[in-house]
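Accompanying notes for the structure given below.
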Amino acid sequence: DAVLLVPTMATPATYLWSAVAPNPGVPVVVWAAHETGTVSADYDMVDLCRHSQNVGALMVGNMLSRHGRPFSVVAGERDDPAVRAEVVGAVGAAAVAGRLKTARIGRLGRPLDGYANVDVDPAALRAATGIEIVDVSLEEWSAALAAVGTADVERVLASVHRHARLDDRGRPASVAAAARMAAALEATADRHGLAAGAINCRGAFGVEGAEHPSLACLAVTHLTRRGVPFACTG
């Protein structure tokens with residue numbers, strides 16, 4: 001999803017460039033990782049060459065810029081925890097950007113009538129970003145709901161209880177139906193390798209479902225907490 005380049009000194013940029021050139025869509029982070037933060041009285045030309053990480057970063061940065069490759073730079077002492085944390089953050093952000101280029105977004109049901117603001121043309125989206133829309137059919141969704149067992153429902157409810165207060169208000173069957181939907185949505189996301197998604201639970205995929213009608217509020221919250229953000233299409 002991302003590439004981290006760590007030039008240790010001023011060396012021919014071709015070597016580092018050759019690692020990223022064959023992968024034009026992968027985001028890049030350059031880390032000028034200094035071995036030391038001090039210059040002693042006997043600092044000489046050998047030390048200057050040995051500690052030329054900034055020059056190495058400039059050289060590969062030149063190649064990246066010349067070829068129109070966006071990148072971020074972190075400069076600082078290699079063993080400084082704050083610098084390392086900055087590197088982790090930069091690589092994490094780059095990886096998110098890289099993953100989005102191949103992301104699959106699930107779509108369960110069509111938007112409500114007139115809600116054109118939340119709709120998107122799949123072909124246009126993929127051409128512009130690389131993101132793929134995965135349409136989940138009602139038949140597949142019904143099968144996913146039917147496949148959820150009692151243990152799956154209890155697992156979801158146990159997870160919810162760890163993170164929120166849940167009051168069934170005298171309607172335990174409604175809460176169980178919502179948990180069933182959460183488990184089914186979880187299984188559907190895993191099966192398709194989804195990075196995100198949206199569901200219209202105001203129709204056959206939700207409250208008008210033949211076997212297990214429910215709203216999807218609990219389901220989208222459960223998936224989002226797992227790192228797969230889901231939304232209601234409204």
Item to check | Verdict with reasoning, V91 to V87, per side-chain contact (heavy atoms from CB on, under 4.5 Å) | outcome: CA-CA 6 Å; V91 172; V87 172; 4.2 Å; yes
Item to check | CA sep, side-chain torsions, deciding dist, call: R110, D119, side-chain contact (heavy atoms from CB on, under 4.5 Å) | outcome: CA-CA 8 Å; R110 300 298 303 175; D119 202 6; 3.0 Å; yes
Checklist entry - Would V6 and W31 satisfy side-chain contact (heavy atoms from CB on, under 4.5 Å), going step by step from the backbone distance to the final call? => result CA-CA 5 Å; V6 188; W31 182 16; 4.2 Å; yes
Next on the checklist: Pair E86, R84 - check side-chain contact (heavy atoms from CB on, under 4.5 Å), show working.
Outcome noted: CA-CA 5 Å; E86 186 179 352; R84 287 176 174 250; over 6 Å; no
Checklist entry - Passes salt bridge (charged side-chain N to carboxylate O under 4.0 Å, His left out), R99 versus D1? Steps please. => result CA-CA 5 Å; R99 187 183 181 200; D1 295 325; 5.8 Å; no
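Without hydrogens or angle criteria, S159 side chain to R155 main chain gives no donor-acceptor distance under 3.5 Å. Looking at R104, its side chain does come within 3.5 Å of a backbone N or O of H192 through a donor-acceptor pair. A donor-acceptor pair under 3.5 Å is absent between the side-chain atoms of T129 and the main chain of R126, judged by distance alone. Using a distance-only test at 3.5 Å, with no hydrogens or angles considered, no donor-acceptor pair links the side chain of D80 to the main chain of E77. D121 places a side-chain N or O within 3.5 Å of a backbone atom of A124 that can act as its donor or acceptor partner. Judged by distance alone, the side chain of S214 and the main-chain N or O of G206 form no donor-acceptor pair under 3.5 Å. Proximity of a side-chain donor or acceptor of S72 to a complementary backbone N or O of A90 within less than 3.5 Å is not detected. Side chain of T36 to main chain of T38: a donor-acceptor pair is present (N/O by atom type, distance under 3.5 Å, no hydrogens or angles).
What you find for F71 and S65 is that their closest heavy atoms are CE2-OG, 3.5 Å. In terms of heavy-atom proximity, A2 sits nearest to A95 at CB-N, 3.8 Å. For the pair C201 and L215, the tightest heavy-atom approach, listed with the atom from each and the gap, is SG-CD2, 3.8 Å. The minimum heavy-atom distance between L108 and W141, with the atom names listed, is CD2-CE3, 3.5 Å. Between P111 and V118 the shortest heavy-atom distance is CB-CG2, 4.0 Å. Closest approach of I199 and A216 over heavy atoms only: CG2-CB, 3.8 Å.
For N54 and H34, the side-chain atoms include at least one donor-acceptor pair closer than 3.5 Å.
Note on V46 and V55: separate hydrophobic clusters, where clusters join Ile, Leu, Val, Met, Phe, Trp and Tyr whose side-chain heavy atoms are under 4.5 Å apart, directly or indirectly. Following chains of ILVMFWY side-chain contacts shorter than 4.5 Å, one cannot reach L100 starting from V134, and the two form parts of different hydrophobic clusters. Both L138 and F230 sit in one connected hydrophobic cluster of ILVMFWY residues. Membership requires side-chain heavy atoms under 4.5 Å apart, directly or through other members. By the rule that hydrophobic residues join a cluster once side-chain heavy atoms approach within less than 4.5 Å of another member, V96 and V26 end up as members of separate clusters. Cluster annotation: L185 is not connected to I105 through the hydrophobic network of ILVMFWY side chains, with a link wherever side-chain heavy atoms come within less than 4.5 Å.
Note on residues 191-211: pairs passing salt bridge (charged side-chain N to carboxylate O under 4.0 Å, His left out), not counting sequence neighbours, are E140-R191. Evaluation of the salt bridge (charged side-chain N to carboxylate O under 4.0 Å, His left out) test over residues 21-36, restricted to residues two or more places apart or in two chains, returns E35-R50, E35-R78. For residues 216-232, the pairs satisfying salt bridge (charged side-chain N to carboxylate O under 4.0 Å, His left out) are E186-R226, D190-R226, with sequence neighbours left out.
Residues forming a side chain to side chain contact (heavy atoms under 4.5 Å, CB included) with V20 (at least two apart in sequence, or on another chain): V3, L5, W17, V28, L64, R69. For V120, the side chain to side chain contact (heavy atoms under 4.5 Å, CB included) criterion is met by L125, I133, not counting sequence neighbours.
The number of heavy-atom neighbours closer than 6.0 Å to OH of Y15, taken from other residues, nucleotides and ligands shown, is 12 or below.
Between R180 and L145 the shortest side-chain heavy-atom distance falls below 4.5 Å. Using a 4.5 Å cut-off on side-chain heavy atoms (C-beta onward), Q53 and P7 make no contact. Side-chain contact between V220 and L223 is absent, with no heavy atoms from C-beta onward closer than 4.5 Å.
The CD1 atom of I131 lies 9.5 Å from the OG1 atom of T102; values are rounded to the nearest 0.5 Å. Taken from OG1 in T188 to CE in M181, the straight-line distance is 10.5 Å, to the nearest 0.5 Å. Between the SG atom in C232 and the CG atom in N200 there is a gap of 6.5 Å [rounded to 0.5 Å].
Partner of L4 under the side-chain contact (heavy atoms from CB on, under 4.5 Å) criterion, chosen from V88, V29, V30, V74: V29.
Applying the under-4.5 Å side-chain rule to Ile, Leu, Val, Met, Phe, Trp and Tyr, the cluster around V153 extends to V148, V156, L157, V160, L166, V175, L218.
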